[in-house]
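Take a look at the structure below.
All heavy atoms count here, side chains included; hydrogens, waters and symmetry mates do not.
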Amino acid sequence: MEAASSNMAPSSARPNGPQPIIDSLDASREQIDDAANAQQRPNTAPRPDPSSSLVLPQPTETGSTSRDLLRRPSPRRNGSMDTRPLLARAKSDFGPRREDRPKAEDAESRASGEAEWGIRHGFETQLTSEDHNNLLTANFFMYFTDKRHETGGLPKAEENYKLDWRMKDRLKTVAAVLALCLNIGVDPPDVIKTSPCAKMECWIDPTQSTSSQGSGPINLIGKQLQTQYEQLSLRTRYKLSLDPTVEEAKRYWGNLRKNARNERVLLHYNGHGVPRPTGSGEIWVFNRTYTQYIPISIYDMQSWVTAPSLFVYDCSDAGLIIKNFNRFAEKHESENVEARQRDPQAEVVDFSDCIHLAACAEKESLPTNPDLPADVFTSCLTTPIEMAIRFFILQNPLRSAVTLSDAQNIPGRVSERRTPIGELNWIFTAITDTIAWNSLPGPLFKKLFRQDLMVAALFRNFLLAQRIMRVYHCHPQCHPEIPQTHSHELWKSWDLAVEMILAQLPDLLAAERGEKTYEYQHSNFFAEQLTAFEVYLQQGAIEQKQPEQLPIVLQVLLSQVHRLRALILLSRFLDLGPWAVELALSIGIFPYVLKLLSSQAIELKPVMIFIWARILAVDGSCQSDLLKESGFNYFISILNPSSGVPVGNVSEHRAMCAFIIAMFCKDFHQGRTVSLSSQLIESCLGHLEDLQNPLLRQWSCLCLSMLWVDFADAKWEGIRRHAHQRLCDLVVDPVAEVRAAMLHALTSFLGIEHLTPQILQYEESIASMVLIMASDGNSMVRNELLVFFSTFVARYQNRFVVAAYEQLKEEKEAMTRTSEQEVEKKFDGVSSKPRSLASSDESSRTIADNTVYSAVWKEILIMSVDPHPAISENACVIVDYVLEALVQSPLSPLVLPIMDFMVHNKSAGPFPSRQPHSDLGAPSSQPSRPSTPPTPNREGYLSLGLKRTASIAASLFSFGDAPPSHNDSPPKVPARASTFNDQRLAVRSKLPDGWQSEKESHTPAQSLQLGPNRVPPPKYFKRRNANETAQIPLKSKFFDWSVEYFREPQMKPSEADEPGSTDYNQRLWRRNRNDRIIAKTQPQKEVAGSNKWDKAKAFFNAGMQPMKLCFHQFEEQIVVTDDTHNIGIFDWKHKVPINRFSNGNPTGSKITEVRLINEDDQALLMTGSSDGVLKLFRHYESPSSAELVTAFRALTDLVPSNKNAGLVFDWQQSRGLILVAGDVKVIRVWNAGTEICTADIPARSGSCITSLTSDQVEGHIFVASFGDGAVRVYDQREKPATAMVRVWKEHKQWITNVHLQRGGQRELVTGCRSGEVKLWDMRSDKSLRTIATTKRDETLKCLSVHEHAPVFAVGTSRHTVKLFNTSTSQSLSEFEPYSSFLGQGRSKPIASTAFHPHRMMIAGTAVGDSHVLIHACNKEEAAPPNPFGGDGIVQEWDALV
């Protein structure tokens, strides 16, 4: 169950009239507000508290009953109100929201009539509690809208995330040659220097340096350059090449590649003392005597250095070198092609992996500004902070006390981030990384800034060179090319950071000299950037645009001051979805969060758990990293219940830890090995008892499951701790996901390699304990049960082959000994179980009889005809596999004759077929395969009556074929199923006297030829290829589906709860529309009971025989079902069809009930069919989008009776309960939230139940009518054995319907076939009023009661619909539905009638006709002034805002 919430609380007062009371009578307003913010997954519907049950007192001697009945307050639902989020409820069941003030002249008349008109059953107490009114106003729960219903438990196929954030070709710059061609004192011929001009090389002035012997200026410059490079990468081996000759260049550059092998090398070329590069592709060095400049071809340089390489060119016309390099690289590539043609194994060099950085473009000269160093490009690359500060001072138009020399003396060390120079370097790194992140394409950023530390450092500094050198008319070049970043907005932040440092510099220098005391004021740059990132997150990142500040957040993780805040913001970002996780991983967040696992800071634990859960949910390849760093121990220790986590929702964080360990063990044997410990298993088993957090229970099961996969040691450890027994305690867990996870774990538990008697006993006991889950209402749970069964079958295949053979033999024997005469004789009586078809006696017991293998095999056969197509298809796979194994086994000589016998007799079975009433008006042609057989017996397979099953014969004839089609219309049951179908129909088709004769005496309606009706499939369901060979065990997708939870946002409300969102606005519009309809129709009920209903409102042809009608409360829709499987949705206002589809129930069964649920929002269509199946459909009004939400067999014990009722149910929206009954001896209570049967209440009658109705306000009381004329009242708060608190037996014939009004006087009305309609009060032991609605020769065929107006209608066997007033018993009007030409259908009985829940409208249809006629009350008072103002739309915008 999913409960949607919003803050749409109405501000108007509640009206007079019936008002609801919901549970938690003493809940305070603060508790309601807390409930609105509570988030619990998944929500489950509450269970009633039997401690405060209702006991109806015995009548007194005079027959009177106490007026205090039903005044007991509702019990608290175990505090569950606090766990449900809130949603404004459109009060569709009750009156207008503003109290109508009675006129003074009416006060006396109202007082005089109060005693007679008072609310029935003592329900007026539901008006007295204002708290209940407020709670009802604020709460409304929607059911069957959880993720498991949206997806059917199947993961989204398109979200198979394969991230490519890891550097597969990570390189290191292992060696470097620093070639300086300076020839100090001699200027090259093509250089014209200004006076003064730039002189410094590596911040050394060669003209003023005092050098000793052996350490000339060029040596000092070379050593300084090496020192500067070592600050970028200390592990790189550097080799100085000072004023090299051709021979030296060839030797140094060639050895560079030999030593580096396949790693990257760096060649730094300073050509300040040689001519410019030539256009033909040459750079210059010297001869041995330094009297000539010798050119070196770039082609030769490529051959010496090869690739991968990094080149830095600091000379004029440097861009020309890159141009020629690429030209020669193309020549090398052509040579490589030729070499491969000669020798495919030849080694070639790929020069595309060479990176170039050049000081300027072609035809540009280096700057000669004397305030700059001569190697300004090299200075930018190797000493960016000094160069950036110098540039700032030179560009600053304001006067400053800081000189250029002072700028080189900023205190601190670059490696210490808390010092001024270290913090400035830290800020510079963050800013340049961020500029690159926001400017470069993702793959290029990854290559240049994440592949190699040296390359990343140089390119960060290259961005500074772009900014500085373009001011001096130079445009640095690079290859691969990157966009221009000199104008990025973050450079302003950098200028501010530099200015803040320089403003403190005089004081810092004075403090360093000891002249004063001054404490450095740290920059607030990172705090401001985190604030900017927080603003981005608050906006919701709707467009999934990458945040500019993400690289800065990465840098902040290095600081303990801002680390916690940065991690919290990072977790909020990762919560946005997989795209955010991918961005964070691509920026390089993983090494940081991996390193933080070694931190012992307790305050970091919650956020680290959250971050790792999000990372592993998207990318499970981090297992080896957790193993290498022993990070898994971090989460195992937190999973221990005794560990402390400083967070309120500790259970949810432990659930994340269980998820992380499960992902660590998934498909990773080393992970399972190191994780195995008694502590982990005991922790998971202990968390199974945490009833407050289903997510923790679910992932504790899945963690054990992943630990046990193919790991016998872990399974033995589980056996020692009775893990299998403790897991089996969850078979009735209130959360479907937990039950499915438990089955997943038990499936992994099976299969210990050495099968000992002890293991055999354990596995048999597990199989026997989970058998009950075959009747689970959730399809996801049943599918996991099939996966368990398939694993169990594969492990004990031979035993199942024997069980299948013996079952096959039993069916063959039953078919042989049962004759047609015996069946007719026995079925004409009241016996519900023919002796000839009963279970075998003691003398014929077989080997597999009374074994768990036989029981499992029968359950698999039963599930092969499951109403849900995914379940039936998977079960058919198992059946096909076992039958194939049976045919190929040594039993084949015995099996094949039996199969041939069944095939031969499939169309000529011994049992005659009698068409039931449900075939009335059915199309003449039907498809050829069944979607699900009807309901035979579970025990004995061919015996009739008590429980549903599937014959092995039914599986035999589909052996090797695809499972039954659910996308086509329900087919005709093949003869192979006649073994049990015909017997069942012969018994179940006996209808009340008069019904059968009517059917046989009238011609069926001619259906419109609208083409075959499609059965809406479940979402994401794909049918199995019929040509595929059946393979077991089946593969579960539940784990992958469960992982998706951690890919979805959890920190923000859902889209429907976010004000301003499309879903929110649509919901708000629907609510206003609903309130408008209620406000408009409430005054009409005053006149509906005193005026005729003869105004024709609509008339249309349904194209089928309508048997059930249901109006939508607010949409202009009416649902029409026929007497087989067809469902039609029509727009009654425009008289046009909207959609038509098939319910998918098998031939021989029919739709017996139809309801709409969740009508206040987006309604779902619920249908019940006579084979005991309930189905729900989403988007039922859309021909292209209609889909099956869920389907399950609500009644498994259909009992043949002397009269047929099929399945009847009543839906309680306020409590999420489905009351199901029919041809059974119990009323079954299904909880929509838990999807399990919560109670079987004995009907205490031998007759079938014909109708159910219940109190829709509190929901504890419900009423059932019976085929023998009895009416019984039940209280769910009592124990099942004593739940029946009242019985009336005034009716003497089949009761057509019983109905308890939602509003109005809350009349309880019953009508029987004799035409008697009685009104009841639950406090009285006899009826209040009896109304004769038919003549002596007429039969009452149907009864409908308006929910709010004092009006009811009956349909008779004389083609007439009669309307009466419940208060006065007066007849209001009569009308006849449409009849065929010349009135040929005037004698046909009424098939169905239905009132609109709010409007004064009634629909009717007759047997043998496909038309639906809608009448309305002919006098509608003018609507009173709208209490909400405006044009009828509720004006609550101000309150909402």
Side-chain angles (χ1 to χ4, degrees), residues 750-751 755 757 760 763-764 767-768 771 786 789-818 837 839-865 874-906 909-910 936-943 949-961 963 974-980 1028-1034:
L750 296 178
L755 185 59
L760 176 63
E763 295 185 350
E764 286 182 347
S768 63
L771 278 173
L786 279 176
F789 282 163
S790 67
T791 306
F792 192 68
V793 169
R795 183 163 172 81
Y796 301 100
Q797 176 175 322
N798 292 336
R799 304 188 185 208
F800 280 95
V801 167
V802 173
Y805 166 71
E806 293 182 349
Q807 185 60 47
L808 197 65
K809 186 172 65 173
E810 287 179 15
E811 292 199 17
K812 187 252 185 182
E813 293 173 354
M815 293 174 67
T816 302
R817 69 171 174 265
T818 305
L837 301 181
S839 300
S840 302
D841 55 22
E842 294 296 332
S843 61
S844 60
R845 293 292 181 184
T846 56
I847 298 176
D849 198 21
N850 291 329
T851 65
V852 68
Y853 309 102
S854 176
V856 170
W857 176 240
K858 292 177 182 180
E859 287 293 353
I860 294 173
L861 289 174
I862 292 168
M863 298 176 79
S864 68
V865 291
N874 286 336
C876 286
V877 172
I878 305 176
V879 172
D880 289 351
Y881 181 87
V882 174
L883 292 181
E884 183 178 359
L886 178 60
V887 171
Q888 297 177 358
S889 70
L891 294 173
S892 178
L894 302 176
V895 171
L896 294 178
I898 298 177
M899 290 185 174
D900 292 339
F901 172 82
M902 289 185 170
V903 172
H904 176 73
N905 290 276
K906 67 176 183 178
N937 179 23
R938 178 193 299 255
E939 53 182 68
Y941 274 144
L942 289 177
S943 48
T949 187
S951 170
I952 194 171
S955 298
L956 174 62
F957 296 110
S958 64
F959 172 55
D961 296 334
R976 67 169 184 259
S978 64
T979 303
F980 52 90
E1028 291 182 1
T1029 304
Q1031 296 291 336
I1032 62 172
L1034 301 173

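- Within the 3.5 Å criterion, the main-chain N or O of Val887 finds a donor-acceptor partner in the side chain of Ser892.
- Rounding to the nearest 0.5 angstrom, the gap separating the SG atom in Cys876 from the CD1 atom in Ile860 is 11.5 Å.
- Taking the six-membered ring wherever Trp is involved, the centroid distance between the rings of Tyr796 and Phe800 does not fall below 6.0 Å.
- Atom CD of Glu810 sits about 7.0 Å away from atom CD of Glu806, to the nearest 0.5 Å.
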Any chance you could lay out the side chain to side chain contact (heavy atoms under 4.5 Å, CB included) test for Asn798 and Val802, step after step, and finish with the verdict?
CA-CA 6 Å; Asn798 292 336; Val802 173; 5.8 Å; no
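- Counting all heavy atoms, side chain and backbone alike, Ala767 lies closest to Phe792 at CB-CZ, 3.8 Å.
- Rounded to the nearest 0.5 angstrom, Glu763 CD and Leu750 CG are separated by 5.0 Å.
- Of all the heavy atoms in Ala1030 and Asp880, the pair that sits closest is CB-CB, 3.9 Å.
- Within the 3.5 Å criterion, the main-chain N or O of Ala803 finds no donor-acceptor partner in the side chain of Ser854.
- Of the inter-residue distances, the one linking Asn874 atom CG with Ile1032 atom CD1 reads 12.0 Å to the nearest 0.5 angstrom.
- With Glu764 contributing its side chain and Thr851 its backbone, the two residues share no donor-acceptor pair below 3.5 Å.
- Counting heavy atoms from C-beta outward, Tyr853 and Val793 have side chains that stay 4.5 Å or more apart.
- Of all the heavy atoms in Ile878 and Leu786, the pair that sits closest is CD1-O, 3.6 Å.
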So Tyr805 and Ile898, side chain to side chain contact (heavy atoms under 4.5 Å, CB included) or not? Walk me through it.
CA-CA 10 Å; Tyr805 166 71; Ile898 298 177; 4.1 Å; yes
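- Residue Gln797 holds its CD atom at 4.0 Å from OH of Tyr881, rounded to the nearest 0.5 Å.
- For the pair Leu1034 and Thr791, the minimum side-chain heavy-atom distance is 4.5 Å or more.
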Set out, in order, the CA-CA distance, both residues' side-chain angles and the distance that settles side chain to side chain contact (heavy atoms under 4.5 Å, CB included) for Lys809 and Leu894, then state yes or no.
CA-CA 9 Å; Lys809 186 172 65 173; Leu894 302 176; over 6 Å; no
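- Summarising the geometry of Ser864 relative to Val879, their closest heavy-atom pair is CB-CG2, 4.3 Å, with the distance given to 0.1 Å.
- The nearest pair of heavy atoms linking Met863 to Phe789 is SD-CE1, 4.1 Å.
- Residues Met902 and Leu808 come closest through the heavy atom pair CE-O, 3.5 Å.
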